[in-house]
Amino acid sequence: MDVRVRYAPSPTGLQHIGGIRTALFNYFFAKSQGGKFLLRVEDTDRERYTDESLQDLYDTLEWLGIKWDEGPVVGGPCGPYIQSERFDLYKQYAEQLVRDGKAYYCYCSSERLEKVRQEQIASKSEYQGYDRHCANLTEEERKAYEAQGIKPVIRLRVPTEGKTTFHDVLMGDITRKNKDVSPDPILLKSDGFPTYHLANVIDDHLMGVTHIMRAQEWIPSGPLHILLYEAFGWEPPVYCHLPMVMGKDGQKLSKRHGSTAVRDFRAKGYLPEAIINYVTLVGWSLDGSREFFTREELEKCFTMEGIHKAPAVFDYKKLDWFNGQYIRAAENSRLAELVTPYLIDAGFVSDPVTAEEKELIDRLVPSVKERMKVLSDVVDLTRFLFRDVPVEDKSVYVSKGSDIDKTAEALAKGSAILLSGLREGKDESSIEESLVELSKQLEVKVNGVFQPIRVAITNSTVSLPLFDSIRLLGLEETEKRINRSIRLFEENHNG
RNA sequence: GUCUCCCUCGUCUAGUGGUUAGGACAACGGGUUUUCAUCCCGUCAACGCGGGUUCGAUCCCCGCGGGAGAUGCCA
């Protein structure tokens, strides 16, 4: 049997970590089995649907490099793959169920349903859900409702006796008494659209889906879906419920834990390979020790057995670590391209970049890549190259263990050594030696000499390596900034 | 409330009827280094609890506790 799995998101919001994790698991499982990965858009909720969400779905999967074998855009033998385009289908199947006595029309208004719900809660009796008010209407009663112009919904007739079991690859058998299954859930809404349960089961069957890998939040409705398969006389697929992705507080990961939209991670400068790698490791492992995987490797070595049962907390810091690792491993030319939009957004370079700017970006990448966790870090790291905001507070120039006078002297003498050395073309290590020598004379730590010079040049105590900074800034600008700082100290001294 | 699922360091996880319970992130400390990073080394840190079964349980069984999810004309 050829494996066919699907990712079936609802375009009612941006693609988030949890959703994409499900997509990845399905995708990797399909690839590892030589099967097919389908994409199906479950846009049956007209209230919450947005075009933006749908576009975000496509954009996100493309960015991650996840291609679907069948689905919207690419088509396939079981299309259409967008549920709103299969509108008529669901109604037919739902009516068939009614004819077979497996489902029935319900004319209850949402007001009445709400009232029933409130009464059940208030009476402290068990909350039982729908009271099956319309389960056994006579033909006359139905006619009367129809005459009032009430549009009915179709509900599944859930048995009140017995129990239903389904098998989960990870969890084993999961059994639920039928009386505990949500009583008579709606299959077809009054607007004619199917609910998730109906559309999902019909499409999975019609599209030949063999394995359903979805989040554990669906476990409680597993028996209901089995009941539906039985009502249709269809063979249910293999189930594999994925552990949920949680936030630090142990609750389902959501916006209040931080960014969850993949689009936001992308904007901050996370690389797709880092997202894929880390997200796949949330709830899955190969052997407990290996943790670097490319997408291509996962397409081969992913296993269902490696999926964990327990929910897993999403660790933003570990993602950062992965991203840093991938940035450092990336080609400089690629990084230069990736970093450019951030420099443009910051207004540091023009859009599009000029040839000179491009050249500068190429040169700054090597020293910046060791220091970035996310691509957007490039802005703070290189600000001194594009914005000159001199440090006026002389105490900033003073390193630990030094003082104002020594700092002034270190700046004057040190920068003289530095600038003349650079002009004469001496190599950096010999200039560095001379500066270290100076620090000994002044009886300060090495940094007592370097810090004032660094602050003068980069306007900050935290910067790229000194010689890198100078090379990027240019000798002329370097000299200008140094002289300005020397003047600052002289003025202060005289005043 | 009811139903279902889950439970190894703070976090992600490996693992076995007998192990010094392993790795990674984080944290902390140290080294390299002109700052910050990177890199390297090290430290801290876990089998939820109580009963059984057993010569021996983290591992098998039962109970408890804790956590989560579901309970919609949302998925």
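Labels below follow one simple rule: chain letters A, B, ... track the order of the sequence lines, proteins then strands, and each chain is numbered from 1.
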Exercise for the section: Using the six-membered ring wherever Trp is involved, compare the ring planes of Phe322(A) and Phe292(A) and label them parallel, tilted or perpendicular (cut-offs 30° and 60°). Expected result: perpendicular
Handout entry: Aromatic stack Trp321(A)/C25(B): centroid gap under 5.5 Å, interplanar angle under 30°
Key = no
Practice task
Could you tell me whether the phosphate oxygens of A70(B), OP1 or OP2, come under 4.0 Å of any side-chain nitrogen or oxygen in Lys252(A)?
Solution key: yes
Exercise for the section: Establish, with yes or no, whether the OP1 or OP2 oxygen of C25(B) is under 4.0 angstrom from a side-chain nitrogen or oxygen of Lys373(A). Expected result: no
Problem - Base partner of U34(B), which must satisfy Watson-Crick or wobble distances under 3.5 Å - result: none
Completion exercise
When rounded to whole Å, the CG to C1' distance for the pair Asn178(A) and U71(B) reads 16 Å
Exercise for the section: Could you tell me the separation between the CZ atom of Arg21(A) and the C1' atom of C12(B), rounded to a whole number of Å? Expected result: 12 Å
Handout entry: Trp218(A) CH2 - U71(B) C1' separation (whole Å)
Key = 13 Å
Practice task
Tell me the partner of C49(B), counting only Watson-Crick (N1-N3 plus N6-O4 or O6-N4) or G-U wobble (N1-O2 and O6-N3) with both under 3.5 Å; none if nothing fits.
Solution key: G63(B)
Problem - Pair partner, C73(B) [Watson-Crick or wobble, under 3.5 Å] - result: none
Practice task
Assign Ser182(A) to base, sugar-phosphate, or nothing according to its heavy-atom contacts below 4.0 angstrom with the strands shown.
Solution key: nothing
Problem - Out of C25(B), G72(B), G69(B), whichever nucleotide has its closest atom nearest the side chain of Arg117(A) - result: G72(B)
Problem - Interatomic distance where NE2 belongs to His241(A) and P belongs to C3(B) [whole Å] - result: 20 Å
Problem - Arg290(A) side-chain N/O to A14(B) phosphate OP1/OP2 under 4.0 Å - result: no
Problem - Side-chain donor/acceptor contact of Ser190(A) with base of C73(B) under 3.5 Å - result: yes
Exercise for the section: Rounded to the nearest angstrom, tell me the gap between atom CD in Gln216(A) and atom P in U4(B). Expected result: 16 Å
Practice task
Mark yes when over 12 heavy atoms from residues, nucleotides or ligands other than Glu114(A) sit less than 6.0 Å from its CD; otherwise mark no.
Solution key: yes
Exercise for the section: Look at Lys309(A) and C6(B) and indicate whether a side-chain polar atom (N or O) is within less than 4.0 Å of OP1 or OP2. Expected result: yes
Practice task
Take atom CE of Met171(A) and atom C1' of A70(B), then tell me their distance rounded to the nearest Å.
Solution key: 14 Å
Exercise for the section: Respond yes when some side-chain nitrogen or oxygen of Ser285(A) is under 4.0 Å from OP1 or OP2 of A14(B), and no when none is. Expected result: yes
Practice task
Please tell me which of the listed nucleotides, U11(B), C73(B), A24(B), lies nearest to the side chain of Lys248(A)?
Solution key: U11(B)
Handout entry: Cationic N near anionic O, under 4.0 Å, Arg334(A) to Glu273(A)
Key = yes
Handout entry: Electrostatic pair Arg481(A):Asp388(A) at N-O distance under 4.0 angstrom
Key = yes
Problem - Short N-O contact, Glu291(A) and Lys318(A), less than 4.0 angstrom - result: yes
Handout entry: Base U34(B) paired with Arg454(A) side chain (donor-acceptor, <3.5 Å)
Key = yes
Problem - Any strand: nucleotide that pairs with C25(B) via Watson-Crick or wobble, under 3.5 Å - result: G10(B)
Exercise for the section: Tell me yes or no: between the side chains of Thr164(A) and Asn178(A), is some donor less than 3.5 Å from an acceptor? Expected result: yes
Completion exercise
In Watson-Crick or G-U wobble terms, with both distances under 3.5 Å, the base opposite G18(B) is C55(B)
Exercise for the section: For Gly283(A), answer base if it contacts any base atom (sugar-phosphate contacts may also be present), sugar-phosphate if it contacts only those atoms, and nothing otherwise; contact means non-hydrogen atoms under 4.0 Å. Expected result: sugar-phosphate
Exercise for the section: May I have the distance from Trp284(A) (atom CH2) to A14(B) (atom C1'), rounded to whole angstrom? Expected result: 13 Å
